[in-house]
Protein chains: 2
Amino acid sequence: MSRTVTIKDVALRANCGVATVSRVLNDSGSASPAARRRVWDAAKELGFEFSDIGRALQSSTTRTIGCVVPSLANPVFADAVQGLQEKLQQAGYQLLLTCSNYDPDSETAAIRTLLAKQVDGLVLTVCDAGKSEGLRFAGQRGLPCCLMFNQPTKDLAACFVNNFEAARCVAKEFAAAGHRDTGFLALRFGSSDRSRQRFEGFVSGCRDFGMAPPVLLEIDEDGDNLSALLADMLTAHSKLSAIFASNDFLAIAAIRAARQLGRKVPADLSIVGFDGLEIGTMMEPSLATIVTRPKLMGRGAAETVLAVLTGNPPPDPQNKSLSFNFREGGSLAPPRKAEKNDDGKVPASPSSSPTLRKSCDDKTKD
Amino acid sequence: MSRTVTIKDVALRANCGVATVSRVLNDSGSASPAARRRVWDAAKELGFEFSDIGRALQSSTTRTIGCVVPSLANPVFADAVQGLQEKLQQAGYQLLLTCSNYDPDSETAAIRTLLAKQVDGLVLTVCDAGKSEGLRFAGQRGLPCCLMFNQPTKDLAACFVNNFEAARCVAKEFAAAGHRDTGFLALRFGSSDRSRQRFEGFVSGCRDFGMAPPVLLEIDEDGDNLSALLADMLTAHSKLSAIFASNDFLAIAAIRAARQLGRKVPADLSIVGFDGLEIGTMMEPSLATIVTRPKLMGRGAAETVLAVLTGNPPPDPQNKSLSFNFREGGSLAPPRKAEKNDDGKVPASPSSSPTLRKSCDDKTKD
DNA sequence: AGCTCCGTTGGAAACGTTTCCAGTAAACCA
DNA sequence: TGGTTTACTGGAAACGTTTCCAACGGAGCT
């Protein structure tokens with residue numbers, strides 16, 4: 001209703017100049033006790049609050065950090081954003097959030113908007129760190145910027161897990177369980193370089209651990225007709241006994257789809273995911289997966305950009321490679337032909353309560 | 001590096017006044033073809049982008065909507081924010097996001113900050129819509145504002161589900177299954193009025209459907225020592241055979257805790273949640289729960305504030321009460337003493353694949 | 001008394017836009 | 001030809017801050 005009250009109104013009422021009001025309310029510069037009192041009273045009576053916009057204009061600083069993630073529907077990103085937000089809030093920064101829906105164009109658009117809004121820093125999960133247009137813009141401006149989930153580039157810090165190594169680790173587990181013919185269920189590489197990196201790591205692992213090259217199935221993030229696609233894949237490659245999905249969401253969808261096709265998991269088909277969503281431990285069968293710590297990624301990214309913003313010591317390791325673990329689960333078992341049991345149970349099945357395997361830890365410190 | 005380029009620089013380079021530049025680039029007002037050309041070229045060469053801050057200052061509009069939710073860790077809120085964000089983005093608005101961590105004080109602080117940042121509108125999930133300080137501030141400013149999850153107040157629109165009725169619905173299911181002594185596992189009422197409303201509805205339902213008044217267990221959102229608390233509750237009330245948790249997160253934690261205590265779900269203890277998280281259908285046992293549509297809440301809230309922002313027809317129903325359903329699940333079964341089976345299986349158990357019960361639909365249209 | 005020094009104070013510029021308004025020149029009409 | 005419309009243009013004000021700077025007065029010193 002009533003026009004918003006500005007510093008001028010306060011000055012008028014307190015019978016002084018705006019400069020004095022600013023000094024008093026910001027506790028910068030000097031002012032007589034009498035003046036202080038009058039200003040304080042006036043401000044209170046009028047219910048005055050500073051406008052961050054006026055402030056931003058004059059200081060060219062917004063105390064706002066922009067963030068782009070593919071989607072909040074995947075808890076991995078939701079958790080990361082949560083971690084990010086906590087840290088930012090502590091430091092008195094606000095979070096301007098956008099989702100790209102895995103689309104490079106909308107990602108670029110989002111970054112442009114964020115830049116126009118004069119964010120003080122950027123935290124991004126991009127489709128492809130190598131070719132992101134938005135990243136270039138940001139770079140030109142010399143804005144503090146940190147990637148999340150994406151691996152670092154030559155001029156951009158990141159908080160991430162080593163997708164290649166983690167994927168190799170999955171290959172190793174498959175091999176150990178006796179699998180030989182595997183598939184990789186991937187988010188379209190164009191929308192997720194993480195997916196590509198995991199695939200590459202998996203290929204490398206399959207080679208090194210004596211398995212056949214994996215069959216690749218690339219799908220859209222909505223994963224609409226997964227059932228049909230999976231069916232095609234399985235009939236085209238009848239020996240296929242295990243699938244590595246590029247994230248837990250996909251893995252869960254795959255388990256569901258496999259069931260619809262009448263395949264028992266893990267008896268007929270083993271499935272392993274990536275991310276380590278908590279859900280995985282509550283499912284039946286529990287989901288074997290790579291466990292990562294998304295919240296830490298958000299926190300780490302926040303620290304990185306805040307550090308340069310506050311002119312503090314450059315964050316200890318410029319790039320934070322987070323550790324990961326392989327989590328065993330009921331969804332991974334030896335291939336059927338390895339055993340001759342009619343009840344569908346596989347004797348060598350891993351312990352039922354999910355445990356963390358140390359064997360597969362990332363070498364990099366946390 | 002290089003000082004950011006402003007409209008003045010463009011004007012200088014295009015050999016015209018800033019007014020002309022503004023007119024050309026915004027395609028408002030007239031300009032000669034020659035001038036247009038020069039301005040466009042100059043802008044391109046200099047890589048000029050408008051500063052939203054200057055714009056905001058002059059138009060006192062930021063094209064930004066503020067949002068406060070308790071946490072992004074709970075997919076219910078993450079999904080809602082996702083829905084909200086999609087709609088806002090479509091309409092050319094940005095989202096300024098804050099989490100309150102279920103703390104009223106930090107909620108108030110968050111709202112103040114958002115107001116200082118001059119958001120054009122507000123979408124909030126507050127601890128207590130009745131007593132929220134922040135809500136008062138917002139109201140004074142006459143800002144477009146919509147609640148999510150909270151029920152509407154006399155002067156505030158909301159997108160929500162009727163917690164009271166939904167909870168009554170759960171009571172009905174418990175009664176139908178033959179339970180009589182029940183408990184309610186609640187998020188501390190001070191941090192969630194939804195929790196309180198659900199409790200009240202449940203109490204009402206228990207009365208009407210001939211069950212004993214439910215035992216109340218209030219816990220913090222972190223739910224640290226749930227196991228111990230649950231144990232106390234169960235020993236203090238030995239006849240207790242079913243628990244209604246005020247959200248799915250809590251319900252899942254409760255199932256876990258119950259297991260640790262050696263109680264079988266649902267044989268020894270039935271558990272029902274609230275929210276309808278997708279996870280619930282993948283668990284073993286699957287989670288019986290009230291299914292809601294968080295994404296729709298986000299979308300609806302966005303529509304409400306956008307409508308008043310664009311001066312459009314007031315959103316059809318000012319308040320959007322979303323429908324809900326009861327979802328059957330393996331976590332709810334008749335109490336043990338009802339049957340005499342040694343294997344722990346209850347014959348009358350509901351169909352194994354989760355289905356939606358229409359019987360319990362909310363009366364309000366979607 | 002005359003000087004300097006210091007604590008206070010408020011005017012004004014600057015930040016980057018948009019928009020009002022007045023001014024110019026060309027074009028049109030009678 | 002003279003008058004009026006029309007298209008185009010740029011200066012300047014306004015938006016809400018912060019901060020520089022000059023001014024002012026009193027206190028302390030010689």
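Just so we're clear, the structure is a prediction, and the values are computed from it rather than from any experiment. To find a chain, count down the sequence lines: A is the first, B the second, and so on, and within it residues start at 1.
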Subject >> F50(B) CZ to dT18(C) P, straight-line distance once rounded to whole Å >> reply: 5 Å
**OP:** Please state whether the phosphate of dG16(D), meaning OP1 or OP2, lies under 4.0 angstrom from any side-chain nitrogen or oxygen of R55(A).
**Re:** no
**OP:** Name the nucleic acid region contacted by D9(A), choosing base, sugar-phosphate or nothing; use a 4.0 angstrom heavy-atom cut-off, strictly under.
**Re:** nothing
Subject >> Distance, rounded to the nearest Å, where Q58(B) contributes CD and dG16(D) contributes P >> reply: 11 Å
Original post:
Within less than 4.0 Å of OP1 or OP2 of dG10(C), is there a side-chain N or O belonging to T20(A)?
Top reply: yes
Subject >> R23(A) CZ - dG10(C) C1' separation (whole Å) >> reply: 7 Å
**OP:** Starting at atom CG of L12(B), determine the distance to atom P of dG16(C), rounded to an integer number of angstrom.
**Re:** 14 Å
Original post:
Of the nucleotides dT9(D), dT18(D), dA12(D), which one has an atom closest to the side chain of V18(B)?
Top reply: dA12(D)
**OP:** Find which nucleotide of DNA chain D each of A19(B) and G54(A) is nearest to by heavy atoms, and output the residue with the more 5' nucleotide.
**Re:** A19(B)
Subject >> Between P of dT18(D) and CG of D52(A), the distance in whole Å >> reply: 10 Å
Original post:
At under 4.0 Å between heavy atoms, what does A35(B) touch on the DNA or RNA strands: base, sugar-phosphate, or nothing?
Top reply: sugar-phosphate
Subject >> Sidechain N-carboxylate O distance under 4.0 Å for D128(A), K131(A) >> reply: yes
**OP:** Measure from NZ on K8(A) to P on dA12(C) and round the result to the nearest Å.
**Re:** 12 Å
Subject >> Rounded distance (Å) that lies between atom P of dC8(D) and atom CZ of R37(B) >> reply: 16 Å
Subject >> Ionic contact status for D220(A) with R188(A), cut-off 4.0 Å >> reply: yes
**OP:** Rounded off to whole Å, could you give me the CG-to-C1' distance for the L115(B) and dG16(D) pair?
**Re:** 17 Å
Original post:
Taking atom types as modelled and ignoring hydrogens, do the side chains of Q82(B) and E86(B) form a donor-acceptor contact shorter than 3.5 angstrom?
Top reply: yes
Original post:
Contact class for Q118(B) (heavy atom, under 4.0 Å): base, sugar-phosphate, or nothing?
Top reply: nothing
**OP:** Quick one: label A31(B) by what it contacts on the DNA or RNA (base, sugar-phosphate, nothing), any heavy atom closer than 4.0 Å.
**Re:** sugar-phosphate
**OP:** Considering just the side-chain nitrogens and oxygens of S30(A), establish if one lies under 4.0 Å of OP1 or OP2 belonging to dT8(C).
**Re:** yes
Original post:
Any side-chain N or O of S22(A) under 4.0 Å from OP1/OP2 of dT17(D)?
Top reply: no
Subject >> E303(B) with K320(B): basic N within carboxylate O range, under 4.0 Å >> reply: yes
Subject >> Side-chain donor-acceptor pair present, Q89(A), Q85(A), cut-off under 3.5 Å >> reply: yes
Original post:
Is S59(A) near enough to dT17(D) that one of its side-chain N or O atoms lies under 4.0 angstrom from OP1 or OP2?
Top reply: no
Original post:
Looking for any heavy atom pair under 4.0 Å, which part of the strands does G17(A) touch: base, sugar-phosphate only, or nothing?
Top reply: sugar-phosphate
